[in-house]
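For reference, the structure is listed below as structure tokens.
Chain A is the first sequence line, chain B the second, and so forth, proteins listed ahead of strands; every chain is numbered from 1.
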Number of protein chains: 2
Amino acid sequence: MRLFHARGYDAVGVAELGAALGIKPPSLYAAFGSKAGLFKQALERYFTSDANIFGRALAEGGGVDAVIGRMFRLAARLYPARDGVAGCLVLDGARNSADDEARGLTAAARAASRVAMRDFIATEHPARADDLVDFVVIALGGMSAAARDGAGEASLAAFAAKADRTFRREAAEGR
Amino acid sequence: MRLFHARGYDAVGVAELGAALGIKPPSLYAAFGSKAGLFKQALERYFTSDANIFGRALAEGGGVDAVIGRMFRLAARLYPARDGVAGCLVLDGARNSADDEARGLTAAARAASRVAMRDFIATEHPARADDLVDFVVIALGGMSAAARDGAGEASLAAFAAKADRTFRREAAEGR
DNA sequence: GGATTATTTTAGTGATCACTACAAAAATAA
DNA sequence: TTATTTTTGTAGTGATCACTAAAATAATCC
């Protein structure tokens, strides 16, 4: 999972993935069916891990403003490079991949995340949920990309604070 | 150039690039030296084209607020997918590439753009130029990524408007 | 027009890609 | 303990990758 996250789907070959798991290609195929199957499992593990910032922010409770703000702060803390891994696997793991299946898997994961966030925002802002979730999704995408380009926690935290303020203002205007 | 932009550096091979230019590989190598050399030229042409949103926004004059706002609006208009091409070549063209040289070329282009924007912002906000340009860069990164994921002009324009408002507020606070 | 130079193409190169047939090893059942 | 099933590894497969040596073609010079 870390290899896919660090370098993207296409840049990591099956031989290297097998070596990281301590198995040879046939065993990898026996276990996962294909490279994309392994990627799918990596995405599922990512979703259930501490990297799921929306899930974590939601678990601590609070209103929409609190949860979204917490999520931005979590992104600022978790996205900067650590051991060569930066950003978000779902948002950028299959960026520019030549493999339709891999791109489809991340597209589906992104769509599911967007729906979950939109539905949560709609609990307080039904009329503006689409507009607000778009803002959140695009802002997080920018943070993931920036982290992968080398941005540090300080600059991501400054952006998160601005995004948080903006979200609160935009949400309050729809009341 | 459009192939690199549409699919990313690694997803387009030399044979396909040659076919698009109407030449065979040796001629391509004679002309550009390497695949990365061709990519370098594509980046240079992109920079001098209408896709240079900072250059275009700057050419119309005005203060920092006006230029940055105009740039966000240009991004919202130019980034959505058209003929399979979306987002920004400099920001996302070599994302996840296994080729160090290609990634280095886009990193250098991004750094140069950032410096240019920072210096421009510093003409009115010297104390906050770094903070403000970080916001701009991350926001544009999010817009490019969103466009490549299929976002349309309406949602990018809505984000651009919010980013514009945010930039103006944050800039005004540092006065 | 012939000789020379420049450009382009044909036909590859060695490496890597995702994946697999078959053999070997390990685990399980009788 | 032997037979059967499952798991893993060896040794590939055909395709694609970026790139190139040598041949062919086109352009230029005298």
Side-chain angles (χ1 to χ4, degrees), chain A residues 1-46 84-85 89-109 148, chain B residues 1-46 84-85 89-109 148:
Chain A
M1 182 171 98
R2 296 182 71 266
L3 287 169
F4 281 137
H5 197 167
R7 312 216 303 269
Y9 184 85
D10 284 6
V12 191
V14 165
E16 194 175 0
L17 291 165
L21 295 170
I23 57 177
K24 295 298 168 82
S27 304
L28 188 150
Y29 286 92
F32 302 107
S34 64
K35 185 183 177 185
L38 172 56
F39 186 58
K40 185 179 183 198
Q41 179 132 151
L43 286 171
E44 282 160 8
R45 292 178 62 163
Y46 188 77
V85 175
L89 181 63
V90 171
L91 295 180
D92 283 310
R95 177 80 57 207
N96 287 336
S97 173
D99 189 312
D100 291 343
E101 194 176 351
R103 292 202 317 279
L105 288 170
T106 54
R148 288 175 86 80
Chain B
M1 181 171 98
R2 297 184 66 265
L3 286 170
F4 282 137
H5 197 167
R7 311 216 306 268
Y9 184 84
D10 284 6
V12 191
V14 166
E16 193 174 359
L17 290 164
L21 295 169
I23 56 176
K24 297 297 167 80
S27 300
L28 187 149
Y29 285 92
F32 303 106
S34 63
K35 185 182 176 183
L38 172 56
F39 186 58
K40 185 178 185 199
Q41 180 133 153
L43 285 172
E44 282 160 8
R45 293 180 60 163
Y46 189 76
V85 175
L89 180 63
V90 171
L91 296 178
D92 281 310
R95 177 80 57 206
N96 287 337
S97 172
D99 189 313
D100 291 344
E101 194 175 350
R103 292 201 318 278
L105 288 170
T106 53
R148 291 174 85 81

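- The CZ atom of B:Arg7 sits 14 Å away from the C1' atom of D:dT16 (whole-angstrom rounding).
- An OP1 or OP2 oxygen of C:dT9 is reached within less than 4.0 angstrom by a side-chain nitrogen or oxygen of B:Ser27.
- Counting heavy atoms from C-beta on, the side chains of B:Ile23 and B:Tyr29 never come closer than 4.5 Å.
- You'll find that the side chain of B:Pro25 is closest to D:dC19, out of C:dC19, D:dC19, D:dT8.
- The shortest side-chain heavy-atom distance between B:Leu17 and B:Phe32 does not fall under the 4.5 Å cut-off.
- For B:Pro26, counting side-chain heavy atoms from C-beta on, the closest listed nucleotide (D:dC19, C:dA18, D:dA21) is D:dA21.
- The interatomic distance linking B:Glu16 (CD) with D:dC19 (P) rounds to 16 Å, in whole Å.
- With both pairing distances under 3.5 Å, C:dA30 is matched to D:dT1 as a Watson-Crick or G-U wobble pair.
- Rounded to whole Å, the distance from CG on B:Asp10 to C1' on C:dC17 is 12 Å.
- Counting to the nearest Å, the P atom of C:dT20 and the CG atom of A:Leu28 are 12 Å from each other.
- Of all heavy-atom pairs spanning B:Val12 and B:Leu3, the tightest one is CG2-O, 3.5 Å.
- Rounded to an integer number of Å, the gap from B:Lys35 NZ to D:dT16 C1' is 11 Å.
- With D:dT10, C:dT8, C:dA18 as the choices, the nucleotide that has an atom nearest any side-chain atom of A:Lys24 turns out to be D:dT10.
- Rounding to whole angstrom units, CZ of residue B:Phe32 and C1' of D:dT20 are separated by 18 Å.
- One interatomic measurement links the two molecules: CD1 of B:Ile23 to P of C:dT7, which rounds to 13 Å at whole-angstrom precision.
- Residue B:Tyr29 places at least one side-chain N or O under 4.0 Å from the OP1 or OP2 atom of D:dC19.
- Within the 4.5 Å cutoff, the side chain of A:Phe39 has heavy atoms near those of the A:Leu89 side chain.
- Spacing between atom CG of B:Asp99 and atom C1' of D:dA18 amounts to 10 Å, rounded to whole angstrom units.
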Verdict with supporting geometry, A:Lys35 and A:Phe4, side-chain contact (heavy atoms from CB on, under 4.5 Å):
CA-CA 11 Å; A:Lys35 185 183 177 185; A:Phe4 281 137; 4.1 Å; yes
